[in-house]
There are 2 protein chains.
Amino acid sequence: MAQAVRHDAMRAGNLALVLGEVSARGSLTRAALAEVTGLTKTTVSKLVADLIETGLVVETGAVRGGERGRPGVEVRIRGDRVAALGLEINVDYLAVRVVDLSRSVRLRRTQAVDNRSAQPVDVIARLRDLALSAVDEAVGNGLRIVGGALAVPGPVDLGSGVVHNAPNLGWRDVPVLSLLDLGLPLHVENEANLAALGELWFGSGPTDFLYVSGEIGIGAGLVVAGSLFRGARGFAGELGHVVVAPDGPPCRCGGQGCLEQYAGQDALLRSTGQAGSVGLMTLVSRVKDQDPEAVAACRQAGWALGVALSSTVNLVDPDTIVLGGVFAPLFPWIDGIVTETLQSRLGQMRLSVPPIVVSRLGFEAAALGAAGQVIERVIADPAALFQPLQPSQPLQPLQP
Amino acid sequence: MAQAVRHDAMRAGNLALVLGEVSARGSLTRAALAEVTGLTKTTVSKLVADLIETGLVVETGAVRGGERGRPGVEVRIRGDRVAALGLEINVDYLAVRVVDLSRSVRLRRTQAVDNRSAQPVDVIARLRDLALSAVDEAVGNGLRIVGGALAVPGPVDLGSGVVHNAPNLGWRDVPVLSLLDLGLPLHVENEANLAALGELWFGSGPTDFLYVSGEIGIGAGLVVAGSLFRGARGFAGELGHVVVAPDGPPCRCGGQGCLEQYAGQDALLRSTGQAGSVGLMTLVSRVKDQDPEAVAACRQAGWALGVALSSTVNLVDPDTIVLGGVFAPLFPWIDGIVTETLQSRLGQMRLSVPPIVVSRLGFEAAALGAAGQVIERVIADPAALFQPLQPSQPLQPLQP
DNA sequence: ATATTTAGTCCACAACGTAGACTAATTGGA
DNA sequence: TCCAATTAGTCTACGTTGTGGACTAAATAT
């Protein structure tokens, strides 16, 4: 429920307001900030002074547009102090990204590993090494890592950080959060959700969309008005188990005819006879050569995706649909059939069918979204960073 | 985006906090309020004084639990001052409800009319008369009607108050909001959404659930953490067009095999040969007599509902599913098959399948939800009511 | 040069919540 | 019966924060 508003909360709110505007608009003078926030110049000056002192914001040189009057001094987000860690465990790679407060990517580490054949503990230990060395390097560059988030391909209990079931990895009930102790506030979440947030903050994208993550399973992350929809328990977005045909092939979820059985990576690659990223590359090259079998596989998957998405559009009303994961490289060959299917199934009811676009970030989306989530949190509540300034305590745990 | 926090916003926030606690807990002493809100006794006393002066809250007699110390004076929501209007247009009736600030229903008016055979303007004119006489009576009883909301069976553009398409009524692009001018701030919304809110505030229910409204069309309202999920444009919840079978019977939406074609009122009543509420009553009595045709119709509908709900659960992760509308009287005969279908399709993936329960409110849900929404708004921002205290201006328009 | 315009700071002030002393009203026990 | 203990609620001095307008600073236009 709502919280008591005291003077400190008032200040924190206004601090976040100012920092949010600076973050959203790039750079602004104090006068412009006063205008957009509705606060007085006096108040804005004080708030900006605080933000400068904390190192979240810096003055740039004065900027002039040839207008009359005293030129204003613009301030912008300071990127060389605060940063966040974005991590991802996926089937055939581990990824680490460090993103600073201005949302620039400061460090990229990706390691190709076959995580399916390894034990969860070993995978996590390897990620831990990778992450710690990235943190070291970032700290060496003067950055302070205030927190991190980890993307995992499967539903996660947000409170405990336990991965219930990651079929791609073959994991069941792995307590990832407690195994991966980095001495930082950490947060574990579904890959599709974080990839959606990555698309929101680092992609070209709109602020309302459904991100579809095609892997062995198919997940989705729904962003409405710039924030993630998680459902009652945080397990929303399991697009892969939306029913395409009620008496279709059995699915590992216990159901039948789930989307995953038609458009999941395994179904797609059935025509190539190979699994994993090798198979995917083969499929892409075959489809480029207009191999009829491969093209048919794409059309079949695209049709099924269209059917499942028509249900989804009816239920959650997304503005745009962004295809990522394996659907990104195959986009040119599934785009048409998906749109067509959607159009024929929704066209009469809706004024407009949501446009289908391709993810720009590729496989980086989830790790970036993970780091971005921590950055977002700092920008949404910079005051939280003020208190632990004297001791070198990290940010308090990130709760969903 | 966020708003600047000034002293008045701080006060407004705390006022809402206190009023919200009183509303949620029934009645509380100032000392107890200080404890639950985290504010000091001093502040709570001042806030409560304001609320009493505005007539939103009253002191009850002192209450004692046999404990030591000075007894506290409890305060509770005052129900005899502020009230809201809830309206509903449906196929065969018009409904008006007046609900006071303590969420007691003060006035019920229902009129049986066949709205399908009448022109939209006439239907709205008739509702207008009904509503105005209800307002008169309420005002005569000393109540001040601060706003209203209208439930319509079909998707509504929340901004303009235009009903795009209400198949049950045969309406297309009717500007309901501007036609129904009551001299009150008014708000038009989808029946399923408002029924869900009715269930939230007036039902037994939980705070996280999916309300399924079975009529000729099938709609749904999703409530997460006590608030309604509307999607990007407010058209979320069109459960009736979730795909049950991709090559099933054609649907008026342009698609094929939509849930509506299997479990909508028309599909259900096909066995009785009669339409409307008469047909429904016939079906219920036939199913009670274990008429095999009627039982089969229910099983068929229940199975389809289970299939569509399994997609829905995967996508939006509701905690509970509440069946309303035509599904309420038929509940005993569809309950089993829905749960069974859901269980077999979700059981392996999820720890628990959301329980299926029946709506308690019956056909009243939407009108109550409509009024409740206005009441909720007052409780969430009582300060908005303070300003127009001297002039007799109504509440500012209710924006979604 | 001087008027005009815009940016940013300074200062007295108002709004609000806080802390703790103080008064009020009750129960338990000597 | 009366007093200590306990809890409710009010009162007052005070701290924090935003405001409004005067004031200073730095540019352009004439």
Side-chain angles (χ1 to χ4, degrees), chain A residues 2-18 21-22 27-53 57-76 382-383 386-387, chain B residues 2-18 21-22 27-53 57-76 382-383 386-387:
Chain A
Q3 273 284 303
V5 188
R6 267 166 282 244
H7 293 111
D8 56 339
M10 174 160 79
R11 189 116 238 261
N14 288 333
L15 223 30
L17 181 66
V18 168
E21 289 295 341
V22 175
S27 68
L28 283 165
T29 63
R30 291 169 176 80
L33 276 168
E35 181 131 10
V36 297
T37 59
L39 295 164
T40 59
K41 288 189 294 175
T42 311
T43 305
V44 168
S45 281
K46 285 186 210 162
L47 292 167
V48 167
D50 270 18
L51 291 172
I52 287 175
E53 198 190 355
V57 138
V58 267
E59 291 189 340
T60 64
V63 182
R64 202 82 287 274
E67 289 142 35
R68 315 218 334 192
R70 171 176 165 182
V73 179
E74 296 200 318
V75 293
R76 60 173 169 71
F386 286 21
Q387 298 138 353
Chain B
Q3 273 285 303
V5 188
R6 269 166 280 243
H7 293 114
D8 56 339
M10 175 160 76
R11 188 117 238 260
N14 288 333
L15 223 30
L17 181 66
V18 168
E21 289 296 342
V22 175
S27 68
L28 284 165
T29 63
R30 291 169 176 80
L33 276 168
E35 181 129 10
V36 296
T37 60
L39 295 163
T40 60
K41 287 189 294 174
T42 311
T43 304
V44 168
S45 281
K46 285 186 210 162
L47 292 168
V48 167
D50 271 17
L51 290 171
I52 288 176
E53 199 192 354
V57 139
V58 268
E59 290 189 341
T60 65
V63 182
R64 202 83 285 274
E67 289 141 37
R68 316 217 337 190
R70 170 176 166 181
V73 179
E74 296 201 316
V75 292
R76 58 171 169 74
F386 286 21
Q387 297 139 354

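Order of the sequence lines fixes the chain letters, A, B, ..., with proteins taken first and strands second; residue numbering starts at 1 for each chain. Because only heavy atoms are used, hydrogens play no part in the values below, and waters and symmetry mates are left out as well, while side chains stay in.
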Are the side chains of A/Asn14 and A/Leu39 in touch, meaning some heavy atoms are under 4.5 Å apart? yes
How about A/Val5 and B/Arg11: do any of their side-chain heavy atoms sit closer than 4.5 Å? no
So, is [X] close to the [N] phosphate, meaning a side-chain N or O under 4.0 Å from OP1 or OP2?
X       : N      : value
B/Arg70 : D/dT6  : no
A/Ser45 : C/dT9  : yes
A/Arg6  : C/dT18 : yes

[X] [atom1] - [N] [atom2] separation (whole Å):
X       : N      : atom1 : atom2 : value
B/Asp50 : C/dC16 : CG    : C1'   : 12 Å
B/Asp8  : D/dT16 : CG    : C1'   : 16 Å
B/Met10 : C/dG17 : CE    : C1'   : 6 Å
A/Lys46 : C/dG8  : NZ    : C1'   : 13 Å
B/Leu28 : D/dG9  : CG    : C1'   : 15 Å
A/Leu47 : D/dG18 : CG    : C1'   : 9 Å
B/Glu74 : D/dT7  : CD    : C1'   : 14 Å
B/Ile52 : D/dG9  : CD1   : P     : 10 Å

Ion pair B/Glu59/B/Arg30, N-O distance below 4.0 Å: yes
With side-chain contact (heavy atoms from CB on, under 4.5 Å) as the test, pick out the partner of A/Val44 among A/Leu28, A/Val36, A/Leu33.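 Single pass found, and it is A/Leu33.
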Identify the two heavy atoms, one from A/Ala4 and one from B/Thr37, that lie closest to each other, and give their separation to 0.1 Å. CB-O, 3.5 Å
Test B/Val18 against B/Val48 for side-chain contact (heavy atoms from CB on, under 4.5 Å), laying out the working first. CA-CA 8 Å; B/Val18 168; B/Val48 167; 4.2 Å; yes
Mapping A/Val5 and A/Val73 onto DNA chain C by nearest heavy atom, which one lands closer to the 5' end?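 Nearer the 5' end of the strand: A/Val73.
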Residue closer to the 5' end of DNA chain C, A/Gly69 versus A/Glu59 (nearest nucleotide):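 Taking each residue's closest nucleotide, the earlier one in sequence belongs to A/Gly69.
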With DNA chain D as reference, determine whether A/His7 or A/Asn14 sits nearer its 5' end, using the nearest nucleotide of each.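 Final value for this comparison: A/His7.
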Looking at C/dG8, does its base get a donor-acceptor pair with the side chain of A/Thr42 below 3.5 Å?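 Answer no: no donor N or O sits under 3.5 Å from an acceptor.
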Base D/dG20 paired with A/Thr43 side chain (donor-acceptor, <3.5 Å): no
Cut-off 3.5 Å, side chains only: do B/Thr40 and B/Thr43 have a donor facing an acceptor? yes
Which residues within residues 29-41 of chain B lie with some heavy atom under 4.0 Å of an atom in DNA chain D? B/Thr29, B/Arg30, B/Ala31, B/Lys41
Of all the nucleotides listed (C/dT5, C/dA25, C/dG8), which has the minimum atom distance to the side chain of A/Arg68?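 So the nucleotide nearest the side chain must be C/dT5.
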